[in-house]
Amino acid sequence: MPQLVLHTGGHSRLLAQLGSGLLEQRRLLRREGIGLRFRGIASPRKQWDQLAAAMGRSQHEPWQRALRWQRRWPRDTWLCSALFHRCLLRDRRFNHWRDWLEAQNLELRVVVHLLHPEEQSWQAFVERILQLKKTPPGASAAADPRGAQVLLYNDLYNELIEAAGVCGARFVLHDQPRQPDWGRLLPPHGSMASTLDQPFWPSQAVKESPDPRLFALSLVVQQNLRNAAGGKPGKRLLRAAIATAAQQLPPLNQAEAKQMAREAGWSPPEGAALEAGLQRFASRVWGRSWPAPHPSHAEDTLGSDLPERRNAIAAAAAQLLSC
């Protein structure tokens with residue numbers, strides 16, 4: 001029976017990077033008998049999101065249309081979308097779709113892509129700031145119950161693990177040094193399908209991390225939006241103006257951006273409950289202990305001229321909000 005493998009996870013940026021990597025290797029996957037879409041006029045990314053949205057709404061019709069040609073030319077298919085994540089967390093939803101797809105002659109498999117909790121928390125905070133969304137008082141995962149929940153992987157994925165079992169659900173952690181070619185994930189004499197058996201994958205380097213200057217300026221603007229005089233500017237136009245203004249600011253490194261984030265309330269997730277949960281999760285899904293984060297390829301430090309750069313950021317933010 002052909003397999004349908006759904007690649008998903010709780011971090012949309014990671015899934016976007018992974019999707020780009022898969023599409024870059026589509027010819028290699030095709031030679032392995034793996035497709036990245038069902039026949040139709042929609043692009044792979046659009047089809048992924050459409051089918052994920054339909055799964056979340058329990059709509060069979062879009063899947064029936066997509067699978068019409070699958071019966072004539074069966075093959076393994078990999079789909080990749082962050083939208084699959086939420087709808088597969090409940091065992092009833094997973095069991096329903098597994099049984100329905102089995103009736104369509106497809107064996108459902110789920111691959112969940114993870115980051116270390118500190119990186120997951122940091123990336124989520126950055127994305128929130130770049131979108132100029134409000135952050136709760138004390139923006140750490142420990143202070144925000146929703147943030148803490150998504151980092152307790154053993155609790156979050158318990159129902160999926162119980163429903164899917166060790167064969168139906170795989171979890172891969174992206175914690176290795178960046179590599180430019182997704183194809184390097186291939187073992188020396190293995191196949192693309194065998195990569196699903198690897199618990200740790202190199203990070204996808206398709207898209208670079210946001211410019212620290214862009215993050216820092218967005219952070220200051222977001223903090224001052226409530227105090228802005230007159231009507232607040234539209235966020236879409238404001239984000240575009242921030243992106244332009246950030247390019248004119250003095251350089252800022254990752255350590256300095258994180259220092260500003262800590263002062264704004266973000267802190268790396270930690271604690272005995274989190275550590276115990278990670279160890280339990282790793283033991284269940286990999287049969288080993290939770291690995292320590294891989295050291296960064298370059299350790300940034302706080303520069304002595306950081307106060308001057310803060311002033312430049314503050315001035316740029318004030319100018320943007322006064323327009």
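Along the sequence shown, residues carry numbers from 1. Bear in mind that the values here come from a model prediction, so they are computed numbers and not experimental data.
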Self-check item: Leu114 with Leu83, same ILVMFWY side-chain cluster at under 4.5 Å
Solution: no
Practice problem: Please tell me if the side chains of Pro268 and Arg262 come closer than 4.5 Å, counting only heavy atoms from C-beta onward. | Solution: yes
Quiz item: Is the centre of the Tyr153 ring less than 6.0 Å from the centre of the His116 ring?
Solution: no
Quiz item: Are any side-chain N or O atoms of Ser218 and backbone N or O atoms of Leu214, one a donor and one an acceptor, separated by less than 3.5 Å?
Solution: yes
Self-check item: Under 3.5 Å: donor-acceptor pair, side chain of Ser283, backbone of Gln279
Solution: no
Quiz prompt | Approximate separation, where rounding is to 0.5 Å, of Trp48 CH2 and Thr8 OG1 | solution = 12.0 Å
Practice problem: Report yes or no: is the cationic atom of Lys258 (NZ for Lys, CZ for Arg) under 6.0 Å from the centre of the six-membered ring of Trp266, at an angle within 45° of the ring normal? | Solution: no
Check residues 163-171 and write down every donor-acceptor pair under 3.5 Å in which the side-chain atom is one partner and the other belongs to a residue at least two apart or another chain.
from: Arg170; atom 1: NE; to: Val166; atom 2: O; distance (Å): 3.0
from: Arg170; atom 1: NH1; to: Leu196; atom 2: O; distance (Å): 3.4
from: Arg170; atom 1: NH1; to: Asp197; atom 2: OD1; distance (Å): 2.4

Quiz item: Hey, are Glu32 and Arg27 close enough for a salt bridge, meaning a charged N less than 4.0 Å from a carboxylate O?
Solution: no
Quiz item: Given side chains that start at C-beta, do those of Asp76 and Leu4 come closer than 4.5 Å, heavy atoms only?
Solution: no
Quiz item: With a 3.5 Å cut-off and no angle check, do the side chains of Thr244 and Arg239 form a donor-acceptor pair?
Solution: no
Self-check item: Check: Gly35 main-chain N/O paired with Arg30 side-chain donor or acceptor under 3.5 Å
Solution: no
Self-check item: Carboxylate-amine/guanidinium proximity below 4.0 Å for Arg310 and Glu263
Solution: yes
Practice problem: Would you confirm whether the ring centroid of His60 sits within less than 6.0 angstrom of the ring centroid of Trp97? | Solution: yes
Self-check item: Asp305 (side chain) donor-acceptor with Glu308 (main chain) under 3.5 angstrom
Solution: no
Quiz prompt | Side chains of Gln50 and Pro62 in contact at under 4.5 Å (non-hydrogen atoms) | solution = no
